[in-house]
Amino acid sequence: MKRQKGSVLVQVLMTAVVVSIIAAGMMHLLLMRSQSIKRDEDRMVGTARGQGAVMAVFSGWAANGGTNCTAVPGFTLNSGVAGSCACTYTANDGTGTTVTATSGATHCNLSLKALLP
């Protein structure tokens, strides 16, 4: 009689272990999916922020008659002289977005450094 009770107890415990392993695997799959979605959302937000930063610099330059390296609303001009093509802007929103202008053969080249949210 004791052996039968012990055998049933072992079977119940083994079943519980198997079910918990299956549940843990399913939770892992669900969390992987949500992490993937979050990464994609962060990438889209970072891309939109970067495009907005570059467009703000273009708009600021256009508002100043096309003069390069001039003050741009929402950005701090860290280095550079008005009219040149060598300057660095940092976003004032605390995101760490940096736009750098360098002179190219025929026009200014802009490079962007933006962090994911």
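Throughout, residue positions are numbered sequentially from 1 according to the sequence presented. Predicted, not measured: the structure shown is a model, and the values here were computed from it.
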Undergrad: Rounded to the nearest 0.5 Å, what separates atom CG in Leu9 from atom CE in Met14?
TA: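 Going from CG on Leu9 over to CE on Met14, the span is 12.0 Å.
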Undergrad: Taking NZ, NE, NH1 and NH2 as the nitrogens, is one of them in Arg43 or Asp40 under 4.0 Å from a carboxylate oxygen of the other?
TA: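 Asp40 and Arg43: salt-bridged.
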Undergrad: For Asn68 versus Cys85, what's the shortest heavy-atom pair and its separation?
TA: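 Residues Asn68 and Cys85, closest heavy atoms: ND2-SG, 4.2 Å.
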Undergrad: Taking the side chain as every heavy atom from C-beta outward, state whether Thr97 and Leu112 have any atom pair closer than 4.5 Å.
TA: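 Thr97 reaches Leu112 side chain to side chain.
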Undergrad: Distance check, rounded to the nearest 0.5 Å: Gln35 atom CD versus His28 atom NE2?
TA: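 The distance works out to 8.0 Å.
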Undergrad: Are side-chain heavy atoms of Val99 and Thr88 found at a separation under 4.5 Å?
TA: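 Result no, sub-4.5 Å side-chain heavy-atom pair not found.
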Undergrad: With under 30° as parallel and over 60° as perpendicular, where do the rings of Tyr89 and Phe75 fit, or are they tilted in between?
TA: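 Perpendicular.
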Undergrad: To the nearest 0.5 Å, tell me how far Ser20 OG sits from Ile22 CD1.
TA: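 Going from OG on Ser20 over to CD1 on Ile22, the span is 8.5 Å.
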Undergrad: Are any of the side-chain heavy atoms of Lys38 and Ser34 separated by less than 4.5 Å?
TA: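 With C-beta onward as the side chain, the pair stays apart.
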Undergrad: Same cluster or not: are Ile21 and Leu29 linked, directly or through other Ile, Leu, Val, Met, Phe, Trp or Tyr residues, by side-chain heavy atoms under 4.5 angstrom apart?
TA: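 Ile21 does not cluster with Leu29.
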Undergrad: Which heavy atom in Ala56 sits nearest to a heavy atom in Val72, and how many Å separate them?
TA: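 Closest approach of Ala56 to Val72: O-CG1, 3.4 Å.
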Undergrad: Under the disulfide bond (SG atoms under 2.5 Å apart) definition, can you give me all pairs with a residue in residues 38-75, not counting sequence neighbours?
TA: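 Residue pairs with at least one partner in residues 38-75: Cys69-Cys87.
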Undergrad: Can you get from Val57 to Met55 by hopping between Ile, Leu, Val, Met, Phe, Trp and Tyr side chains that sit under 4.5 Å apart?
TA: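 Linked within one cluster.
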Undergrad: Roughly how far apart are Asn109 CG and Thr100 OG1, rounded to 0.5 Å?
TA: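 Reported value, rounded in 0.5 Å steps: 11.5 Å.
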Undergrad: Given 3.5 Å as the limit, does a donor-acceptor pair link the side chain of Thr15 with the main chain of Gln11, or not?
TA: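 Yes.
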Undergrad: Could you pull out all residues at least two apart from Thr76 that satisfy side chain to side chain donor-acceptor pair (under 3.5 Å)?
TA: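 Listed in chain order: Asn92.
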Undergrad: Hey, could you give me the OG1/CG distance between Thr90 and Leu77, rounded to the nearest 0.5 Å?
TA: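 Rounded to the nearest 0.5 Å, the OG1-CG separation comes out at 9.0 Å.
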